[in-house]
Amino acid sequence: MEPDRKTAEQAIREAYESNPGGWAEHSRYVAQACENIASHCKGLSGEKAYVLGLLHDIGRHAGVSSEKHLIDGYRYCSARGWNKAAQICISHAFMIQDINTSIGTFDVSEEDYLFMKNFVANAVYDDYDRLVQLCDSLALPTGFCLLEKRFVDVTIRYGVHPFTVDRWKKILQIKAFFEKKTGCSIYDLLPGVVENSFRQEESHAL
C-alpha cells in the first residue's frame with residue numbers, strides 16, 4: 001500500500017531535516033509536475049502521481065551521495081511497504097533499462113550494485129515510472145524548467161557520459177508520449193516554466 005499525500009510530505013520534511021539541500025524543493029516541483037500531467041491523462045491518478053514524484057529522491061535522507069541515494073530510497077520505501085514508491089526510487093534514474101547508462105558514481109557495495117543491476121534490467125515500468133522520469137527533468141529547486149535547461153544543468157554537474165545523448169532522446173520520447181495522452185504541450189501544465197527557465201543562472205546542486 002502506497003502512502004497518502006500527508007504521509008509522503010511528512011517523510012520529505014523529516015528527510016530534509018536529516019540532509020538539508022535543494023533536493024527537497026526539487027522533489028516538490030517534481031511532485032507538482034507529476035500531478036498536473038497525470039490529472040490530464042486517462043487512467044492515471046493525480047494524487048498517486050504526486051506522492052510517487054515527491055518520494056523519488058527520499059533516499060537522500062541518508063546524506064550526500066551519488067547513486068547510493070537510489071538504493072537508500074528503495075530500502076526506505078520497501079521497509080514501509082511502499083512498493084511502487086520503492087521501485088521509482090531506482091527506476092527514475094534509468095529511463096533506459098540498463099545499469100550502464102548511469103551518469104552517476106556507484107558509491108555502493110558490490111552486492112548492492114548487483115542488486116540494482118538486476119532490478120533495473122527486470123523492472124516492469126508503467127506510466128508512473130515514465131512520468132517521474134520525465135518530471136525529474138522538468139524541475140529545478142527553483143521551479144519548473146524546459147527540458148533542455150535541466151539537461152544542461154545535470155551535465156554541468158555530472159559531466160558527459162557515453163549514454164548522455166541517448167538518455168536525452170529517451171526523455172524526449174517520453175515527453176511526446178505524454179503530450180499525446182494529454183493532448184497538449186506539457187509546458188502548458190507547468191505554471192511559471194517560462195519565467196523560471198530564463199531567470200538568472202544559479203547553482204542547482206541537489
Side-chain angles (χ1 to χ4, degrees), residues 1-38 45-95 102-108 112 116 128-129 131-145 147 149-151 153-158 190-193 195-197 199-206:
M1 183 175 181
E2 302 304 324
D4 58 20
R5 184 183 295 239
K6 182 178 179 180
T7 302
E9 289 177 343
Q10 179 63 30
I12 284 292
R13 285 193 293 270
E14 292 174 356
Y16 177 80
E17 290 175 1
S18 296
N19 178 31
W23 69 269
E25 282 305 308
H26 159 74
S27 296
R28 292 187 178 96
Y29 281 112
V30 170
Q32 284 187 339
C34 285
E35 180 177 38
N36 291 0
I37 295 171
S45 162
E47 184 77 4
K48 180 176 180 178
Y50 179 92
V51 167
L52 294 174
L54 189 63
L55 294 174
H56 81 284
D57 268 349
I58 193 68
R60 296 198 180 278
H61 77 92
V64 177
S65 66
S66 185
E67 300 298 63
K68 184 175 181 291
H69 85 278
L70 306 178
I71 197 162
D72 284 339
Y74 174 86
R75 286 176 172 147
Y76 178 99
C77 292
S78 292
R80 291 160 175 77
W82 304 343
N83 295 332
K84 187 60 185 179
Q87 173 167 312
I88 284 178
C89 283
I90 293 180
S91 71
H92 79 268
F94 297 99
M95 60 289 300
S102 167
I103 60 171
T105 300
F106 282 100
D107 46 349
V108 299
D112 285 348
M116 292 172 67
Y128 290 106
D129 294 271
L131 182 59
V132 177
Q133 290 163 358
L134 173 63
C135 293
D136 191 27
S137 291
L138 290 168
L140 295 168
T142 54
F144 304 122
C145 66
L147 285 176
K149 179 162 184 172
R150 176 79 165 136
F151 289 167
D153 168 65
V154 171
T155 302
I156 286 173
R157 289 186 287 114
Y158 287 89
L190 305 176
V193 65
E195 295 83 354
N196 190 61
S197 292
R199 73 167 62 203
Q200 184 177 354
E201 293 296 326
E202 54 188 282
S203 173
H204 298 302
L206 304 181

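When reading the values below, keep in mind they use all heavy atoms of this one structure, side chains included, and skip hydrogens, waters and symmetry mates.
For the atom pair CD (Q87) and OH (Y74), the distance works out to 9.0 Å, reported to the nearest 0.5 Å. In this structure, E195 CD and C145 SG are separated by 13.0 Å, a value rounded to the nearest 0.5 Å. Annotation: the span from I88 atom CD1 to C77 atom SG amounts to 9.5 Å, rounded to 0.5 Å. The distance from atom CD1 of I12 to atom CG of D57, rounded to the nearest 0.5 Å, is 8.0 Å.
Remark: Y29 engages F144 in a ring-ring contact (aromatic ring centres under 6.0 Å, His included) (not counting sequence neighbours). Remark: E67 engages no residue in a salt bridge (charged side-chain N to carboxylate O under 4.0 Å, His left out) (not counting sequence neighbours). Partners of T7 by side-chain hydrogen bond (donor to acceptor under 3.5 Å, both in side chains), not counting sequence neighbours, listed by chain and number: D4. Scored by the salt bridge (charged side-chain N to carboxylate O under 4.0 Å, His left out) test, E14 finds no partners at all (sequence neighbours excluded). Not counting sequence neighbours, the partners of T105 by the side chain to side chain contact (heavy atoms under 4.5 Å, CB included) test are S66. Judged as a side-chain hydrogen bond (donor to acceptor under 3.5 Å, both in side chains), and not counting sequence neighbours, Q133 has no contacts. Evaluation of the ring-ring contact (aromatic ring centres under 6.0 Å, His included) rule for H69 yields H92 as partners, not counting sequence neighbours.
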In a table with atom names and distances, give each donor-acceptor pair under 3.5 Å that connects a side chain of residues 46-55 to protein atoms at least two apart or in another chain.
from : atom 1 : to : atom 2 : distance (Å)
E47  : OE1    : R5 : NE     : 3.3
E47  : OE1    : R5 : NH2    : 2.9
E47  : OE2    : R5 : NE     : 3.4
Y50  : OH     : E9 : OE2    : 2.9

Could you go through R150 and L147, starting from their C-alpha distance and side-chain angles, then the distance that decides it, and tell me whether this counts as side-chain contact (heavy atoms from CB on, under 4.5 Å)?
CA-CA 5 Å; R150 176 79 165 136; L147 285 176; 5.8 Å; no
Check against side-chain contact (heavy atoms from CB on, under 4.5 Å), E2 and N83
CA-CA 7 Å; E2 302 304 324; N83 295 332; 4.3 Å; yes
Can you check side-chain contact (heavy atoms from CB on, under 4.5 Å) on C89 and L70, steps first, answer last?
CA-CA 5 Å; C89 283; L70 306 178; 5.9 Å; no
Please assess M1 against W82 for the test side-chain contact (heavy atoms from CB on, under 4.5 Å), listing each intermediate value before the final yes or no.
CA-CA 6 Å; M1 183 175 181; W82 304 343; over 6 Å; no
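Between H26 and H56, the angle of the ring planes goes over 60°, which puts this pair in the perpendicular group of the 30/60° scheme.
Side chain of N19 to backbone of A62: no donor-acceptor contact under 3.5 angstrom is found. In this structure, Y128 contributes its side chain and S45 its backbone to a donor-acceptor pair below 3.5 Å. Checking side-chain atoms of R60 against main-chain N and O of S65 turns up a donor-acceptor pair under 3.5 Å.
The shortest non-hydrogen separation linking A24 to Y16 is CB-CD1, 3.6 Å.
For K149 and D153, the salt-bridge test fails: no basic side-chain N is under 4.0 Å from an acidic carboxylate O.
Applying the salt bridge (charged side-chain N to carboxylate O under 4.0 Å, His left out) rule to pairs touching residues 71-89 yields K68-D72, R75-D112, K84-D126, K84-D129, sequence neighbours excluded.
V30 is not listed as a side-chain neighbour of L138, based on a closest heavy-atom distance of 4.5 Å or more.
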